[in-house]
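Comments concern the structure below.
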Amino acid sequence: MNNSSEEIIIPMNNSSLPKWYAVGRVMNHEKLVCHYATNIIDSPGVLYGHNPFHHHFPVLLAQMVLIFFCTRITHLMLRPCRQTMIISQVVAGILMGPSLLSQSKTFVELFFPEATRVVIRTIAEFGLILYIFIKGVQTDVQLLASVGRKETMVGLSTIAVSVALGGTAYVLVQRYSPLEFETAYVVARFVPVSGITSFVVISILLTELNILNSELGRLASSASLVTDVFGWFMGFIMNNIVQAIDNAALKPLITIPYTLSYYFTLFFILRPFVMWIVSRGEEKKMISESQFLSIVCVAIGASFVGEYLGQHASFSVFLFGLSLPSGPPLGVYLEKKLDMVASGLLLPLYCTISGIRTDMCSLLNNSSLKIEFIIISGYLGKYLGAMLSSVYFVIPYQEALLIGLIMCCRGITDLSIYSLYRDNQVLSSQLYTLFIMNMVFVTALSTAVVVSVYDPSSRYAGSARRAIITTQENIDLRILVCIVKEENVLPIIKLLQASNPTRTNPIYVFVLQLVELLGKSVATLQPHDKPQKSGSNTACSVQIVNAFNGFERHANKNVVVQHFTAIAPYSSMQNDICTVALDKKVNIIIVPFHQVWSIDGKAQAGCNQLRSVNRNVLKNAPCSVGVLVDRSEAYGKNSVNLTEPYRQIGLLFTGGTDDMEALAYGKRMAEHPHVSLTVVLFRERGSNEYRKEKRRRDYENDEITILRNKSIGTNITFKEEFVKDGNDTTQVIQMMNDDFDLVILGKHHDTNSPVTSGLTEWSEFPELGVIGDMLASSDYRFSVLVVQEQPAESRIE
């Protein structure tokens, strides 16, 4: 308003506008909003003759409710296409903007009057700051040290080819049909930016698609990290070059020292201060509310100083979060306290408003097609750069195509950049709309293709499956054991000890510690050296490692133990389990049952996430799977002696491939000098039926006959039980309640067999099979190992 030549038009008498504010025009398409300063926040209420929609706070509440419902409905409609929440929110904003709903003046004046937009946008910006701060804390800068040559080349190729094709398209347009100078200048500035893929965006996308810890997800995460870091440095340099051109050549010489000093303060002053606050909380095993609020205030203060120095608040707070350690306790606590409010309530405001600011009418211009050609060329360059470099590193062609699509996706980081440049009048309405629409279209298309094509389990489904029954005598038995908590260690060690490791027939044990991904943005699967990393990595329990190391020492070289740690979301943790099993050629995976029992024998609430993991492993495993239902703790049977195996073992045999696999495992256990195996054969009562069954199961009966002949004078005992229905089967098993420490059985049984009739009417744990479910649900005193073998046609002979 300093220029006196500016014309101000205030249509105060316009009856179509509310009486509490008026909108005028200033030159250069700027708007001037005038409203009454008396009681514009709260409304006395409609009962007192006041319209709540003429006051800021009621309008804000209405806007938040409207945005919440619109975004949820849009996401529900887009759910079949598996679109991300952020894309759904932007689409909802586009539908609420001038392209559709905002064409109605009544809708605009009711929900989005000019006088209130600054309020909701301010709150939305604050939500963005909190959200980006969380993502910064969850990002581990040490990941850069683990990025390999392949990931680096994919990331750099993405940028290089994108800039090359985008730049070529820009040159062609300017040569044959040039854009206006201002538009051309802005587009030229955005050509290098189009090649950058945000690490935060990709990690959010992969998490929502549930492929964060897949091979494709890990490659995309690392490659995007490379492009993001490269983009930061290039952005810093280019920004100062632009300042030197636009303002003065000496301007960067002034801003660079201030900026570097600010970064130094974040990493070397504020970070130690926050770590001191966290260390005080660790002494009490928790972070107090006052300490939490102190950390948040420090983050807000850092973003304010960044704004003061010319750095956007979201970028400043992200750098501050990046300086802090990811993972527990700080990352987990901040995520728990802030994520629901930031991502569930405030971030949708930001994304939706970004969509509302688009205007399709601004695209009715001849230059739109030329700009679109340049933008699409940049996206095509990103796709080709990522895809071709992946093919060069012998990545399967289909996965290389999907890597290219993932690297083209955009999200909250790009949205914040577009909004920032729109606020600063760098982007016109036309350019802003084009960038947003391309972001939505490309990301939505890429996401839909990746979801429909990529299945991480296909790697395991296409491989030949292994089993104990196919393992020849005197051949190493390879077992993968999954540990969730320390209570799982002793029962699994007892099971391994009962598996009879010897010099001539050793056991290779792969210990995989399962850690839920909390406070971090990247899933990891890594082997670790037992001496040096057991005490330094919070994801690797010292007690667990020491217990298995002690078991290995007591085994006198009959057991070889190798440790792994998988940090991943529970929803996709089976990918890591199956990957280790496939790579290590494992014969059987042992997973702990999700439910535990107290010392008085009562079942306690189990971990439903672990149950989901077990189900997914049973469905996708490339080998046999055993689910260990441990009751040792419940009845005081849990010995702390690492050399003490399960001694009295029962094997329930009704027939089928799973029971044959359980029998093969039991045969190996019976070779242990301190283990006694009792094989209980369930037969249908009635001689005629028994003879028919015998003829139908010649292979199984022959194997049992051979084992019977070999077991004379050994630790194996056979019992034959004739039953007429499931009730008889249950009574027989109940009579054995005090006879065994461990009972082994197969998962699948013939549902038409009288042996299990009546047991299928009610099932609490169907993943254990009919009889396994009964043993896990009832008050039995022994532990249970339910074994599942894969189909016979998939076995390795």
Side-chain angles (χ1 to χ4, degrees), residues 74-92 94 151 154-155 157-159 161-162 165-166 194-224 227 351 372 375-415 434-462 523 569 571-572 575 620:
T74 305
H75 187 62
L76 185 64
M77 296 175 62
L78 295 178
R79 180 176 294 177
C81 301
R82 292 290 301 273
Q83 295 304 309
T84 63
M85 194 66 191
I86 289 177
I87 291 298
S88 299
Q89 292 163 358
V90 176
V91 170
I94 294 173
E151 294 84 357
V154 171
S157 299
T158 301
I159 297 177
V161 181
S162 175
L165 285 186
S194 64
I196 300 172
T197 300
S198 171
F199 171 76
V200 171
V201 170
I202 298 302
S203 63
I204 296 171
L205 173 69
L206 297 175
T207 301
E208 290 201 34
L209 298 184
N210 204 27
I211 56 173
L212 183 63
N213 62 331
S214 64
E215 289 190 342
L216 186 71
R218 288 194 170 93
L219 176 58
S221 295
S222 299
S224 64
T227 67
C351 298
E372 178 67 15
I375 295 175
I376 289 297
S377 298
Y379 276 107
L380 180 62
K382 292 181 70 173
Y383 176 77
L384 292 176
M387 187 266 290
L388 294 177
S389 58
S390 299
V391 171
Y392 175 79
F393 284 100
V394 201
I395 293 174
Y397 187 68
Q398 178 177 298
E399 294 189 10
L401 295 176
L402 297 179
I403 281 290
L405 291 176
I406 292 176
M407 295 298 288
C408 288
C409 292
R410 297 192 180 277
I412 186 61
T413 305
D414 308 281
L415 203 61
L434 278 172
F435 282 128
I436 294 295
M437 295 305 298
N438 278 276
M439 164 189 155
V440 170
F441 176 76
V442 173
T443 304
L445 178 62
S446 300
T447 302
V449 173
V450 171
V451 169
S452 61
V453 173
Y454 184 64
D455 181 12
S457 64
S458 60
R459 182 185 178 213
Y460 327 124
S571 58
S572 60
N575 292 334
N620 300 304

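In what follows, every heavy atom counts, from backbone to side chain, and hydrogens, waters and symmetry copies are set aside.
The side chain to side chain donor-acceptor pair (under 3.5 Å) search around Ser88 returns His75, not counting sequence neighbours. With sequence neighbours left out, Gln398 forms a side chain to side chain donor-acceptor pair (under 3.5 Å) with no residue at all. Under the ring pair (Phe, Tyr, Trp, His ring centres under 6.0 Å) criterion, Phe435 pairs with Phe190, Tyr418, not counting sequence neighbours. Partners of Ser572 according to the side-chain contact (heavy atoms from CB on, under 4.5 Å) rule, which considers only residues two or more places apart in sequence or in another chain, are Asn210, Asn213, Pro569, Asn575. Residues meeting the side-chain contact (heavy atoms from CB on, under 4.5 Å) test with Phe393, sequence neighbours left out: Arg149, Lys150, Met153. Take Ser198 and apply the side chain to side chain donor-acceptor pair (under 3.5 Å) test, not counting sequence neighbours, and it matches Thr413.
Among all heavy-atom pairs drawn from Ala444 and Gln83, the shortest one is CA-OE1, 2.8 Å. Here the closest heavy-atom approach between residue Thr158 and residue Gly195 is recorded as CG2-O, 4.0 Å. Among all heavy-atom pairs drawn from Thr227 and Gly155, the shortest one is CG2-O, 3.1 Å. Between Gly217 and Leu206, the shortest heavy-atom distance links the atoms O-CD1, 3.3 Å.
Here CD1 of Ile406 is found 4.0 Å from CG of Leu216. Values are rounded to the nearest 0.5 Å. The line from CG of Leu405 to OH of Tyr454 is 13.5 Å long, rounded to the nearest 0.5 Å. Here the OG atom belonging to Ser214 is positioned 10.0 Å from the CG atom belonging to Leu402, to the nearest 0.5 angstrom. With values rounded to the nearest 0.5 angstrom, Ile412 atom CD1 is found 13.5 Å from Leu205 atom CG. Distance CD1/Ile376 to CG/Leu165: 12.0 Å, rounded to 0.5 Å.
Residue pairs meeting the side chain to side chain donor-acceptor pair (under 3.5 Å) criterion with at least one member in residues 435-452, sequence neighbours excluded: Glu372-Asn438. Each salt bridge (charged side-chain N to carboxylate O under 4.0 Å, His left out) pair with one or both residues in residues 206-215, not counting sequence neighbours, appears once here: Glu215-Arg459.
Shown are Val90, Ile87, Val91; of these, the side-chain contact (heavy atoms from CB on, under 4.5 Å) with Cys351 is made only by Val90.
With contacts defined as side-chain heavy-atom distances shorter than 4.5 Å, the pair Val201/Ser224 does not qualify. A 4.5 Å side-chain heavy-atom check between Ser221 and Leu212 finds at least one atom pair inside the cut-off. Here the side chains of Met437 and Ile94 are in contact, with some heavy-atom distance below 4.5 Å. For the pair Ile375/Leu434, a side-chain contact is recorded, criterion being any heavy-atom separation below 4.5 Å from C-beta on. A 4.5 Å side-chain heavy-atom check between Ile403 and Leu219 finds at least one atom pair inside the cut-off.
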Enumerate, atom names and distances included, each donor-acceptor pair closer than 3.5 Å involving a side-chain atom of residues 378-390, sequence neighbours excluded.
residue: Tyr379; atom: OH; partner: Arg410; partner atom: NE; Å: 2.9
residue: Lys382; atom: NZ; partner: Ile196; partner atom: O; Å: 3.4
residue: Lys382; atom: NZ; partner: Thr197; partner atom: OG1; Å: 3.0
residue: Lys382; atom: NZ; partner: Met407; partner atom: O; Å: 3.0
residue: Ser389; atom: OG; partner: Gly385; partner atom: O; Å: 2.7
residue: Ser389; atom: OG; partner: Ala386; partner atom: O; Å: 3.1
residue: Ser390; atom: OG; partner: Ala386; partner atom: O; Å: 2.7

